[in-house]
Amino acid sequence: MPLLDILPQLIVNGLIAGSIYALAASGFSLIYYVVKFQYFSHGAIMSIGAYLFFTFMNLMGLNYILAGILTVIGCVIATLLSNWLLYLPLRKRKATPAIILIASIVLLIFSSSLMLAFFGSSTKAISLAKHNKTFDFGIFTITLVQTAIIVSALILFLFLWIILKKTKLGKSMRALADNKDVAQVVGINPEKIYNYTFIIAAVLGAFGGILLGLEQNLYPRMGVPIIIKGFISSVVGGLGSVPGSIIGGLFIGLAENVGVLYLPTGYKDVISFSVLLLFLLFRPQGILGVKMRNV
Amino acid sequence: MYEYLIAVFAYIFIYIILVVSLNLAFGFTGLVNLGHMAFFGVGAYASALLTLHGIPWYIALPASGLIAGSFGAVIAAITVRLKGDYFQIVALGLAFIAIAVSRNWISLTRGALGLPGIPDIIKNNFYYMLFLFAVALLSVVFLYWLTNSETGKIFQAIRDDETAAAVLGKNTYLYKVLSITISTFFAGIAGSLFAHYISFIDPTIFDLEFFVIILAMLIVGGLASISGSILGVTVISLLLSAISFVFTNISPELIGAMRQMLLMLILLLILIYRPRGMFGKVDV
């Protein structure tokens, strides 16, 4: 079979992976844009989302809509707690963004050992088999779950775009991102807006975690590799740009999967890391050309 | 018990070199090098590969320091000139790239299988521990001298106010590259000593889980304080070994998780409530 015949399938696979990467990247990037630090604990929220959904669906036998709602609520609570107990005190004592970044990595590792303590090291799978079926389009196949992954990611990005561009909240967030002092002068309360921003990131993380859990197995440190991909996607798309991070996520997902045409499948990581290296060296401002912030 | 204590101290001496060298860049010069473990790993892999190919350790040990240090110099030369987050982002990106290279360059590193059978420098563990003590002592004395020298003063001036240091006519770019180069040289030396001690290395050496332990030692001890780093390494190492000793009836998996949670919790509390750690000269 000529290699190009599998290209449509590879593009579909790339979009599936890319949607999940983009969810990791958009939460990471949203916090970087508004709250100004590299938000690695977004990976923790995604793994908590996956494990909560697994608990509600498989262990408690709830239906998937109820399980999904409870998972989002759980992730929002966990995210707000992380802001109030960790990031807020650090902001109050004027810690540098580098220190807040370290705290977020520490929280990520903390949560992976928490998952290990609760669920053990064996991998878990969310079984949706009875809801799943496969569509065959001739040039490619896709399962119902995979279609749901792409569609729900797109819906989330649409909502994110509407919030950022069309609402008063989005306007405040952008004002805060551009210049905190000026924003405060015109009566924006930063901490209030930060809370809303964390809630939006939590929703992205909850869905990102659920979708990741549907696409692969669950294991305690699953939050680490996915947020590394989110970080790479954000840098490639343009760090600090939310639309850029979504483009970056889709780009990395596609590059990894279409790259299989030329390289063995084990080299997926090499592709994304090589893309990262090329961007860091030659285009640090990313695809969308965001200027490096001076912090 | 005796063997166990020797192992605890062997690790303490290796980590002292690693943490004090990280402190040179992070604490004294204000360069948050989140890719420090990449240089430790490069040193470990370099030394392992050289000795596995028949090169004696007394060449491989300094060579791994030089290889890690040259990598550090090149990365620093490219990145520290640019303003803002750039150095930090590249350093972190580098750590992730190191994972991918060590996992996937199978013909060189055997990928996830790792490199077994790295030859000992000294067969007897007790004498090797003494050797590690000597190397750690030499490194600490050198770094202590460096940080108290004219150069060390300039490093700290750059950390406190780079513009002022530049106005006084100091080439801050060169000093930052120098700081990273020396720091990563010692990270490479520590990596080499580590590889020869445990005789097996694999890509997990680059993992964030390992790096946060090193960060905990640095931050608990305190930034810009060499005695703080030594104490930080000792306290954390003894604490972690004590946990394994006390809870012998719990599965090793759960103990690992508990140790990690406890350590991360301590680190977060220090970050929030005691940013100077035990002996730090500046806030983290």
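Quick caveat: nothing in here was measured; it's all calculated off a predicted structure. Residue numbers start from 1 in every chain, and the chains themselves are labelled A, B, ... in the order their sequence lines are given, proteins ahead of strands.
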Nearest 0.5 Å please: distance from the [atom1] atom of [X] over to the [atom2] atom of [Y].
| X | Y | atom1 | atom2 | result |
| --- | --- | --- | --- | --- |
| A/Gln38 | B/Gln88 | CD | CD | 5.5 Å |
| A/Phe110 | B/Leu267 | CZ | CG | 12.0 Å |
| B/Ile97 | A/Ile228 | CD1 | CD1 | 11.5 Å |
| B/Met264 | A/Ser112 | CE | OG | 9.0 Å |
| B/Leu254 | A/Phe118 | CG | CZ | 11.0 Å |

- request: Name the member of B/Ile99, B/Leu263, B/Ile219, B/Val212 that forms the most heavy-atom pairs with chain A at distances under 4.5 Å.
  value: B/Val212
field: Between B/Leu268, B/Val32, B/Leu34, B/Leu208, the one whose heavy-atom pairs under 4.5 Å with chain A are most numerous
entry: B/Leu268
Please determine, among [options], the option with the most heavy-atom pairs under 4.5 Å with chain B.
| options | answer |
| --- | --- |
| A/Pro89, A/Ala95, A/Ala103, A/Ser274 | A/Ala103 |
| A/Ser272, A/Ser121, A/Pro220 | A/Ser121 |
| A/Leu85, A/Val106, A/Leu116 | A/Val106 |
| A/Leu108, A/Leu101, A/Leu107, A/Ile100 | A/Leu101 |
| A/Val235, A/Ile102, A/Val224, A/Ile105 | A/Ile102 |

query: So what's closer than 4.5 Å to chain B heavy atoms on A/Ser111: side chain, backbone, both or neither?
result: neither
Under 4.5 Å from a heavy atom of chain B, the part of A/Leu277 involved: both
Toward chain A, the part of [X] with a non-hydrogen atom under 4.5 Å:
| X | result |
| --- | --- |
| B/Leu215 | side chain |
| B/Ile78 | side chain |
| B/Leu269 | neither |
| B/Ile272 | both |
| B/Val90 | both |

Parallel, tilted or perpendicular: ring planes of A/Phe40 versus B/Phe96, cut at 30 and 60 degrees: tilted
statement: Closest non-hydrogen atoms of A/Ala117 and B/Met261, given as atom of the first, atom of the second and distance, are CB-CE, 3.8 Å
Donor-acceptor pair, side chain of A/Arg93 and main chain of B/Leu271, under 3.5 angstrom: yes
task: Decide yes or no for A/Phe231 and B/Ile89: does some side-chain heavy atom of the first lie under 4.5 Å from some side-chain heavy atom of the second?
output: yes
